[in-house]
Undergrad: 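Sharing a structure, written as structure tokens. Questions coming.
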Amino acid sequence: MTSNPTLTTQPILQARNLVKRYGHVTALAGADLTLYPGEVLAVIGDNGAGKSSLIKALSGALIPDEGEIQVDGATQKFRSPLDARSAGIETVYQHLALAPARDIAANLFLGREIRKPGPLGWGLRLLDHKKMRSETARIMGDLGLLTIQNIGQAVETLSGGQRQGVAVARAAAFGSRVIIMDEPTAALGVKESGKVLDLIAGIRDRGIPVILISHDMPHVFEVADRIHVQRLGRRIACVQKTDITMNDAVSLMTGAQTPPAGHDPEALPARLAVR
Amino acid sequence: MKSVSATPGSPAPVKNAEAPAQRRVGERLDDQPPVPLLGKIQRQLHAHPLLGPTAVLILACVVFTAMVGPRFIDPLNVSLILQQVQIIGMVGIAQTLIILTAGIDLSVAAVMVFTTVISGKLAAEAGLPAVVALVIALATGAACGFLNGILVTRFRVPPFISTLGTLSIFTALNLLASGSQTIKANVLPDLLLWPGETFRVLGAPVTYGSILVLLSFVAVAFILKRTAWGEHIYAVGDNAEGARLSGIRTTRVLLSVYVVAGIICAIAGWLLIGRVGSVSPFSGEGVNLASITAVVIGGTSLFGGRGNVLGTLLGALIIGVFSNGLTLAGVDVLWQVFTTGVLVIVAVGLDQWTRKVAG
């Protein structure tokens, strides 16, 4: 890593040879993944290619049978989503993992509520609602999501895009190292999708790398730096966005085409390498 | 966001023809355009779930006062209603906690009666100090709740089935332990009978038990609203998988709720001894379903995640007011049962309807 100046960037998140079997079904068959700081890595693949399993393994929702996950070069064994979160990996799940009847502030701090200072907080576990509300307003404001008027509004009364906004804000507020987003635009209209893509770019610009799982090729090509193609439980290619067309990406995904000879799935994202 | 752009943004000529259909397909009910009266009511009920039960309670009080005259709101009668609903109220607190997690507990009354037999036997026959007997009764309640909780979390038996099973088990244990015998007041220590003791307010006797129930409601309401534990109960009931993915230890939360519910049932058992003035393995009849009724009438959703323990207090009072008022008015007892049934169905129907605000 000292010999070549362009390779000084170490992966922030790396998965090696992940295997997960459910009885006779192999969801992950030796999957790899490499994520560099500051990039948006899109993960694409057909249904059943193991995208979800890969993401669950990285976010601690699934414990792989074999393989290794490294965060900043240190091997991690995630036993639960809590472990991944404390390693700085936040996930926006496709079904958002929100509590619909609770308000925005409660959802933003779900599972890591701010307690009152002193014995009231650690002894009686009293919550500091006031602080959570003001923090929520600040976080939503930072992300340009303050079109949502009322922090005390129940999440179920928001539109699909606004709900996505809440989930993204939660990840952005706590994800110190990596943010994973599973199909964030799948349930949204054109306008709201655009807003979510802006959010992704905004998070990347703040220096936090994003893994984006998506079926939507135009969205992938709009924000991604590199495209990780998952097929039959493993990574069959990881290419620079600039090196591939949408049609080729789909062909790779479906197996109609094989990856170009000599391509390096671990190559630095072009946008960052030339820096 | 979307709705704003959808209505004024669409091309002018076809706007009138397309707008309504467009909105029905794509939109949820969170848009700004004028809401019809019914929709306004629906939204208010959604935002303020205590509105419905409060209105029913006030209306019932007014109607019964008009029907039977001032003796209905006489302090003596109010105190009587409080005494009549204290058991349902206390068990209702336990039931609310369980139902908020999207569960149900059919064993609450059985746990309550079982713990009265434990404390009664230990104090009256084994000669243990009353305090020790009471503490063991509370621990028994906790153990019963723990069994329910383990069945639900570890063995993944649906709450309805687990507690249906433990209902039989606890009832059998209760009859075995008591030998189907009643323990009379004269052999029971004062401490166990204390919740039935009275002091005077406005010339009317008020039992310590009814005060204990009211305080418990306030305490649990505070805990649910202000503590991490309360927040997690709501989250687990609202979206269990989402709560788990958000890092909440859902099985731990569920287990703790069942244990706490068991302890509250044991406290209800203590009130029961005070109310009945003896320990009988056959007391507490009807409390099981009445507790669920109180929770439901109080606006807590059987689907979990929404509701409030203060609603259950209102629900229990509504049951008490109806039964007391109808009795004073000389109406056949069967009509009380009938009315309760109607109230439950209306309450659940209302809940289904208001939840549609979410779309």
Undergrad: Considering heavy atoms only, which positions within residues 237-250 of chain B lie below 4.5 Å of chain A?
TA: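 If one takes a 4.5 Å heavy-atom cut-off, the residues of residues 237-250 of chain B near chain A are D238(B), N239(B), G242(B), R244(B), L245(B), S246(B), G247(B), I248(B), R249(B).
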
Undergrad: Examine whether an atom of L110(A) lies under 4.5 Å from a heavy atom of chain B, and if so say whether it belongs to the side chain, the backbone or both; otherwise answer neither.
TA: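 It is both, since atoms from each part get that close.
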
Undergrad: Within the 4.5 Å heavy-atom criterion, are M132(A) and E231(B) side-chain neighbours or not?
TA: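 M132(A) does not reach E231(B) side chain to side chain.
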
Undergrad: Considering only heavy atoms, which portion of L98(A) lies under 4.5 Å from any heavy atom of chain B: side chain, backbone, both, or neither?
TA: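 Only the backbone of L98(A) comes within 4.5 Å of chain B.
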
Undergrad: Keeping to residues at least two apart or across chains, list the side-chain hydrogen bond (donor to acceptor under 3.5 Å, both in side chains) pairs with something in residues 118-135 of chain A.
TA: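 Qualifying pairs, neighbours excluded: E135(A)-R138(A).
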
Undergrad: If the contact rule is any heavy atom under 4.5 Å from chain A, which residues of residues 252-266 of chain B qualify, in numerical order?
TA: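 Residues in range: none.
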
Undergrad: Contact part of R170(A) toward chain B, heavy-atom cut-off under 4.5 Å: side chain, backbone, both or neither?
TA: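 Only the side chain of R170(A) comes within 4.5 Å of chain B.
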
Undergrad: Can you name the residues that form a ring-ring contact (aromatic ring centres under 6.0 Å, His included) with F174(A), not counting sequence neighbours?
TA: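 Checked F174(A) against ring-ring contact (aromatic ring centres under 6.0 Å, His included); matches are F109(A).
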
Undergrad: Is there side-chain contact between W229(B) and L127(A), with heavy atoms separated by less than 4.5 Å?
TA: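 Heavy-atom side-chain distance check fails, nothing below 4.5 Å.
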
Undergrad: Should we count NZ of K51(A) as having more than 12 external heavy atoms under 6.0 Å?
TA: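 Check passes, neighbour count above 12.
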
Undergrad: Quick check: closest heavy atoms across A101(A) and G305(B), and the distance to 0.1 Å?
TA: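 Where A101(A) meets G305(B) most closely, the heavy atoms are CB-O, 4.1 Å.
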
Undergrad: Would you indicate whether the side-chain heavy atoms of R43(B) and T157(A) approach each other to under 4.5 Å?
TA: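 In short, these two side chains do not touch, never coming nearer than 4.5 Å.
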
Undergrad: Ignoring hydrogens, what is the shortest heavy-atom contact between A235(B) and A99(A)? Give both atom names and the distance.
TA: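 Closest heavy-atom pair between A235(B) and A99(A): CA-CB, 4.4 Å.
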
Undergrad: Do you know which of G121(A), A154(A), P100(A) has the most heavy-atom pairs with chain B at a distance under 4.5 angstrom?
TA: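 Among G121(A), A154(A), P100(A), the one with the most close pairs to chain B is P100(A).
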
